[in-house]
Amino acid sequence: MSKFLIIDGNSLMYRAYFALPDLMNSEGMHTNAIYGFSMMLLKLLEEEKPDYIAIAFDKKASTFRHKEYSAYKGTRQSMPEELIEQVDILKDVINAFNIKTIEIEGFEADDIIGTVSKIASESGMDVLIVTGDRDALQLVSANVKVKICKKGITQMDEYDEKAVFEKYEVTPLQFIDLKGLMGDKSDNIPGVPNIGEKTAIKLVKEFGSIENLLMNTDKLKGKIKENVENNAELAVLSKRLATIERNVPIDIDLNEYAVKNYDVNKLTELFEKLEFSSLISDLKDDSRDTKDIKEWPVRDFTYVKNVLGKFDVLSLYPFIYDGKIKAVSFACGDGSFFVEIDDYDNFKLLNNDKLTLIGHDLKDFLVNISYCGIELNCKILDTAIMTYLLNPSESNYDISRVLKKYLKEDLQNIDDIVGKGRNKKSYDDIDKKLLVDYMCSAASNLSKLKDKLMSFIKEMEMEDLLKNVEIPLIEVLKSMEVYGFTLDKDVLRSISKEIDEKTDKIVKDIYDAAGYEFNINSTKQLSEFLFDKLNLPAIKKTKTGYSTDMEVLAELIPYNDIVGEIIEYRQLMKLKSTYIDGFIPIMDENNRVHSTFKQTVAATGRISSTEPNLQNIPVREEFGRRIRKAFVSSYEDGLIISADYSQIELRVLAHLSEDEKLIESFLNNEDIHLRTASEVFKVSKEEVTSEMRRRAKAVNFGIVYGISDYGLSKDLKISRKEAKEYIDNYFDRYKGVKNYIDSIVKFAKENGYVTTILNRRRYIPEINSKNFNQRSFGERMAMNTPIQGSAADIIKMSMVKVYNELKERGLKSRLILQVHDELIIDTHPDEVEIVKELLKSIMENIIKLKVPLVVDIGQGKNWYDAK
DNA sequence: CTGTTCACG
DNA sequence: ACGTACGTGAACAGA
């Protein structure tokens, strides 16, 4: 059966006004009545779920009761100023709820309610009347109930016939007689003097009605008899005044009062103006909204505000164009909508620690809004990273590819919508329909994608890696990017000048030697000069001609002095173009450069750094190393502190292989290359020469890279036979390593993948190739990936912990860079000692291996000095 | 847009 | 007989 909810607007408005403290918004407007009324309305809609609803209001003109009795409601004070100013807004709110109000000239809300409830109940509906006034109890019948506010605004008593009788020992209709006898102070209904509730109930119970009482006054005694007899007319008038009119002449179509969706935009806007933030978040869990989303997916932020509070998991897909977030699509499950972004502050709506945001490459978005000062505290999940963990060798993790692969969803390519290169469209020229469709499809699939990926991740036992390392790392990398690394422009300029002077002279020398000018940077023109003009021996060929790389040039040095100058020119040009000319234009107003760290690029699990790449700043050659003098702290008198893992890859190898000798070396904190030299060359440690140590070091590198005699021979410029001897000797002495390498290759051949300490996985399809090169490549990957990847796991764990520790302790120092085995902290001068202790204790104890992890710390006013 | 070279771990 | 050491990114040249 349908349910008609009818509300006494005036009564509830007064009720809210008096029950609540004097609330005001920042404009000084009183809001308590609107607030209380809205709260009651929301609660009623949610609890009662009516099919029809109406709110009745008094009409200001005098009512028929005043005509009969001029003193009617005479004691009532006029409406307070603070309530009057709320009435119109309250009606706007009701309007935004899409609820119709009823007001009729000359009648009170009570009478409208009486009439409408009669019509509704006669047409077979259940009626629920909500009011603060007990008078309404007279309207109760078999299918009409009344709810009356008890205390405050949220507590209500519901009355049906039985409840009325239990409470007042009379029927609903006799309630009128009761009131006629008792009178009503608030309505200024006189009643019979000296008859209160007790006597009135007794009389109504005995006589049934006022009329019957007046006919039988002889049965009364004493003072009561006297009062009733002397006030018979008053009693009749009081009864008439107390009787709610149920036949107000109105033409009403009940269907007009069917419950509609409220106008979320308007309502949110009003609540925002009134500053009812808690109510905005109460506009929630309304399935009607999801329906709206599907019907019309373009929204504005007012709408978003309402919707976002409702969900504890939301998918988000941003459209970042020219470095700005132009639009975002939100989804809950597969319901989604699109919003254009005019004000980044709107993203603060996502600041909710109960919310989980699902995104694909969320860091891009988080970094972007962070540059505008917006930091979110919601939980995050990233489907791009999840996809990367499932297979870190993919060339890219574009959403369209991923959806195609895991959900068989076809998404139009974003490049087809936006255009590429010189065909890139201006934002306004983009086909909005296509963009909205693309973004909503992306967002609405993320949740399903997440579920699918998560089931695979659990299957592969990578949930810990995802949740404890990769996901927390997003915020760490974000912070590193946004904070940036401060550069000293003067240092760069002075090195630049030095390079210019040197190269000017070198270029002249080379042109003199050639007898003509050419582009020394061109491999082709340089090889013409070297191999045609100078007739030097061409040692190596490339696909396109003769090679002129470092290895070749080094061999040509003895033939002609100019070769040395070419080498120097190359080095200097590299430094200038990449690290000086490349850096100066990307420094911001605080002299900082902001790299982008890529979490889904390196197949081994490492992170990579781009634009600029801060992970390949020169260090090996002294001249290039001076570039590091330009990398300084952002703090006045601050320090750059560098903490690097000593021999982390060989330690990981010792752990994984459980090789006794290797473990022993690390337990005894030996010089690892010296020890290897003594083993490989079968001499005592005292007899190891520096050349032997150098070669042993190369052997160790070779082991880590997946050794081959050819590679080693080339690196050490020795014969393959000799290289093979080194390797054989090594494996003879380090049997555990040999066993490990054999078993990991075997594992890879059988399973098609290898794993790291944290169960990170890399597939190696090449390992079973019939092509020798491919297969060998696969074998080397099988050997190298668990080592390089486990080292990556370890430093990633350290990054998360170092970042969190600095944050929790409220330190000003910041983790600003990771270079695979090294963390760089921009350190506040007051925090040097604590940062050093913190780094060492966290990094060395982040995981317990079969060998200790050792961290070396360096400090200085710049990165150069921190080594 | 690919190839070469070279910067780092 | 095979002919690469593992993992990255940027600048430049020359189609």
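Side chains included, hydrogens not; waters and symmetry mates left out as well; all remaining heavy atoms used. Labels below follow one simple rule: chain letters A, B, ... track the order of the sequence lines, proteins then strands, and each chain is numbered from 1.
If you check every strand for non-hydrogen atoms under 4.0 Å, A:Ala723 touches nothing. Contact annotation for A:Met550: backbone-only contact, meaning every heavy-atom pair under 4.0 Å involves sugar-phosphate atoms and none involves a base. At the heavy-atom level, A:Lys598 lies nowhere under 4.0 Å from the strands shown. Residue contacts for A:Val619: at a heavy-atom cut-off of 4.0 Å it reaches the sugar-phosphate backbone alone, with no base atom in range. Note on A:Asp821: only backbone sugar-phosphate atoms sit closer than 4.0 angstrom, heavy atoms only; bases stay farther off. Across all strands shown, A:Ala603 has heavy atoms under 4.0 Å from sugar-phosphate atoms exclusively, and none from any base. Heavy atoms of A:Asn616 sit under 4.0 angstrom from at least one base atom. At a threshold of 4.0 angstrom between heavy atoms, the contacts of A:Asp581 with the nucleic acid are absent. Across all strands, A:Glu611 comes closer than 4.0 Å only to sugar-phosphate atoms, never to a base (heavy-atom distances). Contact annotation for A:Met781: backbone-only contact, meaning every heavy-atom pair under 4.0 Å involves sugar-phosphate atoms and none involves a base.
For A:Gln615 against B:dC8, a side-chain-to-base donor-acceptor contact under 3.5 Å is absent. A donor and an acceptor atom sit less than 3.5 Å apart, one in the side chain of A:Ser708 and one in the base of C:dT4. Residue-to-nucleotide contacts include no donor-acceptor pair under 3.5 Å from the side chain of A:Arg762 to the base of C:dG7.
Computed from coordinates, the A:Ile627 CD1 to C:dA10 P distance equals 16 Å when rounded to whole Å. Counting to the nearest Å, the P atom of B:dC6 and the CD1 atom of A:Ile566 are 12 Å from each other. Here C:dC6 presents its P atom at 13 Å from CD1 of A:Ile787, a figure rounded to the nearest Å. Atom CD1 of A:Ile648 is separated from atom P of B:dC8 by 20 Å (rounded to the nearest Å). The separation between A:Ile795 atom CD1 and B:dC8 atom C1' is 14 Å, rounded to whole Å. Rounded to a whole Å, the CD1 atom of A:Ile744 is 15 Å from the C1' atom of C:dC6. Put simply, CD1 on A:Ile617 is 19 Å from P on C:dT8, counting in whole angstrom units. Atom P of nucleotide B:dT5 and atom CD1 of A:Ile539 are separated by 12 Å, given to the nearest angstrom.
Put simply, A:Thr548 has a side-chain N or O that comes within less than 4.0 Å of OP1 or OP2 on B:dT5. The phosphate of C:dC2 has neither OP1 nor OP2 within less than 4.0 Å of any side-chain N or O from A:Asn771. For A:Arg620, a side-chain nitrogen or oxygen approaches OP1 or OP2 of B:dG9 to under 4.0 Å. Remark: A:Thr523 is not in phosphate contact with C:dA13, judged by side-chain N or O atoms under 4.0 Å from OP1 or OP2. Between A:Arg570 and B:dT5 there is no side-chain N or O to OP1 or OP2 distance below 4.0 Å. Under 4.0 angstrom from either OP1 or OP2 of B:dA7 there lies no side-chain N or O belonging to A:Lys574. Listed pair A:Gln525 / C:dG14 meets the phosphate criterion, a side-chain N or O lying under 4.0 Å from OP1 or OP2. In this structure, A:Ser776 does not reach the C:dC2 phosphate: none of its side-chain N or O atoms is under 4.0 Å from OP1 or OP2. In terms of phosphate contacts, A:Arg780 brings no side-chain nitrogen or oxygen within less than 4.0 Å of OP1 or OP2 of C:dT4. Listed pair A:Ser547 / B:dT5 meets the phosphate criterion, a side-chain N or O lying under 4.0 Å from OP1 or OP2. Between A:Lys543 and the phosphate of B:dG3, there is a side-chain N or O to OP1/OP2 separation shorter than 4.0 Å.
For the residue pair A:Thr676 / A:Asn700, a side-chain donor-acceptor distance below 3.5 Å is found, with atom types taken as modelled. The closest side-chain donor-acceptor pair between A:Ser798 and A:Tyr645 falls under 3.5 angstrom.
Along DNA chain C, the nucleotide closest to A:Asn784 and the one closest to A:Ser608 are compared, and the more 5′ of them pairs with A:Asn784.
Of all heavy-atom pairs between A:Lys735 and A:Asp659, the closest is N-OD2, 3.4 Å.
The distance between the ring centers of A:Tyr726 and A:Phe681 falls below 6.0 angstrom. A:Tyr511 and A:Tyr516 have their aromatic ring centers separated by at least 6.0 angstrom. Remark: aromatic rings of A:His594 and A:Phe485 are distant, center separation not under 6.0 Å.
Across C:dG9, C:dG14, B:dC8, the shortest atom-to-atom separation from the side chain of A:Val601 is found for C:dG9. If you check B:dG9, C:dT4, B:dT4 against the side chain of A:Phe772, the one that comes closest is C:dT4. The side chain of A:Asn521 approaches C:dC12 more closely than any other nucleotide in the set B:dA7, B:dG3, C:dC12. Picking from B:dT4, C:dT4, C:dG7 the nucleotide with the shortest atom distance to the side chain of A:Tyr710 gives C:dT4. Across C:dC2, C:dG14, C:dG7, the shortest atom-to-atom separation from the side chain of A:Ser522 is found for C:dG14. Residue A:Ile707 has its side chain nearest to C:dA5 when only C:dT4, C:dA13, C:dA5 are considered. Which of C:dC6, B:dT5, C:dG9 sits closest to the side chain of A:Asp549 comes down to B:dT5. Counting only heavy atoms from C-beta on, A:His820 has its side chain closest to B:dG9 among B:dG9, C:dT8, C:dA11. When distances run from any side-chain atom of A:Thr610 to the nucleotides C:dA10, C:dT4, C:dT8, the shortest one goes to C:dA10.
Counting only Watson-Crick and G-U wobble pairs whose two distances sit under 3.5 Å, DNA chain C takes part in these stems of three or more pairs: B:1-9 with C:6-14.
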Review item, side-chain donor-acceptor pairs of residues 530-540 of chain A, under 3.5 Å, at least two apart:
residue, atom, partner, partner atom, Å
A:Lys533, NZ, A:Ala514, O, 3.4
A:Lys540, NZ, A:Asp549, OD2, 2.7
A:Lys540, NZ, A:Glu551, OE1, 3.4

Run the salt bridge (Lys or Arg N to Asp or Glu O under 4.0 Å) check on A:Lys724 and A:Asp728 step by step: do they pass? CA-CA 6 Å; A:Lys724 192 169 182 318; A:Asp728 288 344; 3.2 Å; yes

Verify salt bridge (Lys or Arg N to Asp or Glu O under 4.0 Å) between A:Glu679 and A:Arg675, making sure each step is shown before the conclusion. CA-CA 6 Å; A:Glu679 297 291 341; A:Arg675 172 68 186 264; 2.8 Å; yes

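C:dC2 and B:dA7: their C1' atoms are spaced 31 Å apart (whole Å).
Relative orientation of the A:Phe701 and A:His673 rings is parallel, given thresholds of 30° and 60° on the angle between their planes.
With A:Arg651 contributing its side chain and A:Leu853 its backbone, the two residues share no donor-acceptor pair below 3.5 Å.
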